[in-house]
Number of protein chains: 2
Amino acid sequence: MPVLFSRACEYALRGLVEMASDPQIEQWTVQDLAQRTETPAPFLAKTFQTLVKHKVLKSTKGRHGGFALLETTKELSVLDIVHIIDGPSLSQDCALGFAECGVDAPCPIHEQWGEIREQLVHVLSSQTLYDFAEKL
Amino acid sequence: MPVLFSRACEYALRGLVEMASDPQIEQWTVQDLAQRTETPAPFLAKTFQTLVKHKVLKSTKGRHGGFALLETTKELSVLDIVHIIDGPSLSQDCALGFAECGVDAPCPIHEQWGEIREQLVHVLSSQTLYDFAEKL
DNA sequence: GATTCAATAGATTCATTCATCCGTTTATTT
DNA sequence: AAATAAACGGATGAATGAATCTATTGAATC
């Protein structure tokens, strides 16, 4: 089991960060990216398609085609990407899986996990793909 | 996908905490526990078997049989249970799934996730099942 | 001793995630 | 116009996690 994100999400982040790390290149093929980031190419291609649908990437078919980051993606946080791929569960679900967990019926670590999660959410929502790219 | 723990682990924790919450009862059947904690009974039974093997629980077969917390379990932290069921991945794996992530080749959130994880580990390792039980 | 009731062990089913394959579409190059 | 190279879409397959089923073992009760 992955730690925080699904494989699809991990791969997507790796690919996006790779793209952000070299803004010179304005067109990336999945083959290239997959090779550079050591991710399974067809799987990466699939999740990139959902990113296209969500206006994170633009794609062009045919020769010299490929993927490119959209301008608006510059303002997207890493958490935004995570939410698109994995949904909001990391940001809102009970850590112990208690369906009824909430202020009125808190699980044993409701308060504590709440604080920790807030920090996590802060770390992920205060940084863009480009911030991530710089750190590599 | 679960947030932090596998379903097996979530169910195990629910069951164990339920047991710790009522130390009067010294023998629990899986049927009882599963009903009280709203967990799938056969699945709970399976993971309880691994807890027996790891000396967290003792079991007795036959009539009036069931499971009981061992004395030594009083000193076990919740993290100990998590490690038994899910392995140490939560405590040590890279959040982004970078195989090479480490001090020499850190991923973009290596440092930050490290701090957050430390807090999480602290929360889970500083509390016993009985501490959890009290909070319910 | 026979019956009952519980955990145990192994096999099996089911669902989800992970990953690949292939035919189609689209744009470029020759 | 034909060939090429890329994303796209849908189907398919593999691996893992979640959950169930069944026969067996062992202990208490009758």
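Values in this document were obtained by computation on a predicted structure and should not be read as measured data. Chain A is the first sequence line, chain B the second, and so forth, proteins listed ahead of strands; every chain is numbered from 1.
Look at CD1 on A/Ile25: it is 14 Å from P on D/dA6, rounded to the nearest Å. Remark: C1' of D/dA18 and CD1 of B/Ile85 are 14 Å apart, rounded to the nearest angstrom. Look at CD on A/Glu38: it is 17 Å from C1' on C/dA19, rounded to the nearest Å. Taking atom CD of residue B/Gln27 and atom P of nucleotide C/dA6, one finds them 11 Å apart after rounding to whole Å. Atom CG in B/Asp86 sits roughly 9 Å away from atom P in D/dG17 (whole-Å rounding). Regarding B/Asp32, its CG atom lies at a distance of 14 Å from the C1' atom of C/dA7, rounded to whole Å. Straight-line distance from the CD atom of B/Glu10 to the P atom of D/dG17: 14 Å, rounded to whole Å. Nucleotide D/dA6 holds its P atom 8 Å from the CD atom of A/Gln31, rounded to whole Å.
Side-chain contact between B/Phe132 and A/Leu96 is present, with at least one heavy-atom pair separated by less than 4.5 Å.
An OP1 or OP2 oxygen of C/dA7 is reached within less than 4.0 angstrom by no side-chain nitrogen or oxygen of B/Gln49. The phosphate of D/dC8 has OP1 or OP2 within less than 4.0 Å of a side-chain N or O from A/Ser59. The phosphate of C/dC18 has neither OP1 nor OP2 within less than 4.0 Å of any side-chain N or O from A/Tyr11.
Between B/Val30 and A/Phe5, the residue anchored closer to the 5' end of DNA chain C is B/Val30, taking for each the nucleotide with the nearest heavy atom. Nucleotides of DNA chain D nearest to A/Thr29 and A/Met1 differ in position, and the one nearer the 5' end is that of A/Thr29.
With D/dA19, C/dA19, D/dC8 as the choices, the nucleotide that has an atom nearest any side-chain atom of B/Arg7 turns out to be D/dA19.
Side-chain atoms of B/Asp86 come within 3.5 Å of backbone N or O of B/Ser6 as a donor-acceptor pair. With B/Asp131 contributing its side chain and B/Thr128 its backbone, the two residues share a donor-acceptor pair below 3.5 Å. In this structure, the side chain of B/Asp93 does not engage the main chain of B/Leu90 through any donor-acceptor pair within 3.5 Å.
Between B/Gln112 and A/Gln127, the side chains place a donor N or O and an acceptor N or O closer than 3.5 Å (distance only, hydrogens not considered). No hydrogens or angles considered: a donor-acceptor pair under 3.5 Å links the side chains of A/Thr60 and A/Gln27.
The 12-atom threshold is not exceeded at CD of B/Glu100, counting heavy atoms of other residues, nucleotides or ligands nearer than 6.0 Å.
Residue-level contact check: A/Phe48 touches neither bases nor backbone, having no heavy atom under 4.0 Å from any strand.
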Nucleotide by nucleotide, 5' to 3', does protein get under 4.0 Å of the base (B), only the sugar-phosphate (S), or neither (-) in nucleotides 20-30 of chain C, counting heavy atoms?
B----BBBBS-

